[in-house]
**Q** 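Got a structure for you, questions after.
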Amino acid sequence: MDISYAIGSDHAVAAAVTIGVQDLRVRDVSLATGPVRFPYVPGLLAFRELPLLLEALAGLPAPPEMVMCDGYGIAHPRRFGLACHLGLLLDRPSFGVAKTDFVAGHDEPGARRGQWSVLAEGDAILGRAVRTRTGVKPVYVSVGHRVSLGDATDLTVRLSPRYRIPEPTRQADIVSRQELRRGPS
DNA sequence: GCGACAG
DNA sequence: ATCTTGTCGC
């Protein structure tokens, strides 16, 4: 899942891309275009992106077994980020993979692909900083709904065979912005 | 009070 | 998130 935005307007395009975990190939693609009415406020991302993301998901020929979000799950100020909203609303397993640190502090994970460190706040373990590529900045994984942190971590690494960003999110980013630039306004 | 702040 | 080309490095 991902959304691309146009500058100076509320125009945006959301993309839902399903990837086969076995062959890592794109299965289905669904796009949703429309105005975004909620501003970007750190901590309230779900209220901004949820409507268009749900619309894109509804357009898929078959519901995905697992939903990977571009953002956080429970590693959130109120322990309920975008991935939690999506998973709960769809009653589907979900988790989030964010590109930058947000709330929890963490140690630097090992440099090798697959290595990770804990994202924690006090006694609460909120997620993991996961290295998807050796020697490259980690991504931040946290649980959304009905999935373990271990499974979310494994899927994130398996779905990132070549780039830092996992294939589902990467493909969704590519097709959404491609569609955005294809027909602006 | 100040800084930081998913996308 | 978005505006942008080349360039440094493995």
Side-chain angles (χ1 to χ4, degrees), chain A residues 1-17 31-57 67-89 94-106 111-113 116-121 124-145 149 152-153 156 160-166 168-185:
Chain A
M1 310 299 303
D2 192 33
I3 295 184
S4 287
Y5 299 92
I7 329 169
S9 84
D10 56 3
H11 188 249
V13 176
V17 176
L31 300 170
T33 297
V36 172
R37 309 176 184 293
F38 201 88
Y40 168 68
V41 180
L44 303 182
L45 183 64
F47 297 103
R48 174 177 173 77
E49 305 201 325
L50 222 44
L52 222 46
L53 290 178
L54 288 172
E55 199 179 317
L57 272 164
V67 181
M68 174 188 280
C69 300
D70 185 20
Y72 281 99
I74 64 171
H76 177 275
R78 264 78 63 192
R79 306 287 183 270
F80 210 78
L82 175 62
C84 300
H85 285 260
L86 264 183
L88 187 62
L89 287 172
S94 69
F95 64 98
V97 179
K99 299 181 288 295
T100 61
D101 195 4
F102 190 25
V103 283
H106 67 282
R112 310 292 299 178
R113 164 181 155 80
W116 52 266
S117 60
V118 175
L119 282 183
E121 200 171 86
I125 290 179
L126 305 180
R128 291 174 180 173
V130 181
R131 199 79 73 176
T132 53
R133 287 204 65 187
T134 298
V136 174
K137 285 200 310 178
V139 292
Y140 304 89
V141 178
S142 60
V143 161
H145 191 59
L149 183 53
T153 301
T156 297
S160 309
R162 182 169 178 195
Y163 301 95
R164 178 171 90 110
I165 304 304
T169 301
R170 207 176 77 83
Q171 292 302 326
D173 176 90
I174 292 174
V175 295
S176 64
R177 63 198 280 176
Q178 179 183 67
E179 175 63 18
L180 182 72
R181 298 191 292 201
R182 193 184 69 70
S185 96

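As the structure is a prediction and not an experimental result, all values here were calculated from the model. Throughout, a chain's letter reflects where its sequence line sits, starting with A, and its residues are numbered from 1.
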**Q** Identify which one of A:Leu180, A:Val13, A:Val17 satisfies the side chain to side chain contact (heavy atoms under 4.5 Å, CB included) criterion when paired with A:Leu31.
**A**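 Only one of A:Leu180, A:Val13, A:Val17 forms a side chain to side chain contact (heavy atoms under 4.5 Å, CB included) with A:Leu31, namely A:Val13.
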**Q** Can you give the first and last nucleotides of DNA chain C, 5' to 3', that have an atom under 4.0 Å from a heavy atom of chain A?
**A** C:dA1 to C:dC3
**Q** Taking all heavy atoms of A:Asp70 and all of A:Leu45, pick out the closest pair and write down the distance.
**A**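 So the minimum-distance heavy-atom pair works out to O-CD2, 4.4 Å.
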**Q** If only side-chain N and O atoms count, and only distance matters, is there a donor-acceptor pair under 3.5 Å linking A:Ser4 with A:Ser176?
**A** yes
**Q** Donor-acceptor check, side chain of A:Ser94 to backbone of A:His145, threshold 3.5 angstrom: yes or no?
**A**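 Yes; at least one donor-acceptor contact below 3.5 Å.
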**Q** Less than 4.5 Å apart, side chain to side chain, heavy atoms only: is that true for A:Glu55 and A:Leu52?
**A**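 The answer is yes; the side chains approach within 4.5 Å.
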**Q** Quick one, give me the B/S/- string for nucleotides 1-7 of chain B, reading 5' to 3', where B means a protein heavy atom under 4.0 Å from the base and S means that only happens at the primed atoms, P, OP1 or OP2.
**A** ----BBB
**Q** May I ask you to check whether A:Tyr5 and A:His11 place their ring centres under 6.0 Å from each other?
**A** no
**Q** Are any of the side-chain heavy atoms of A:Leu54 and A:Leu86 separated by less than 4.5 Å?
**A**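 Touching, per the 4.5 Å side-chain cut-off.
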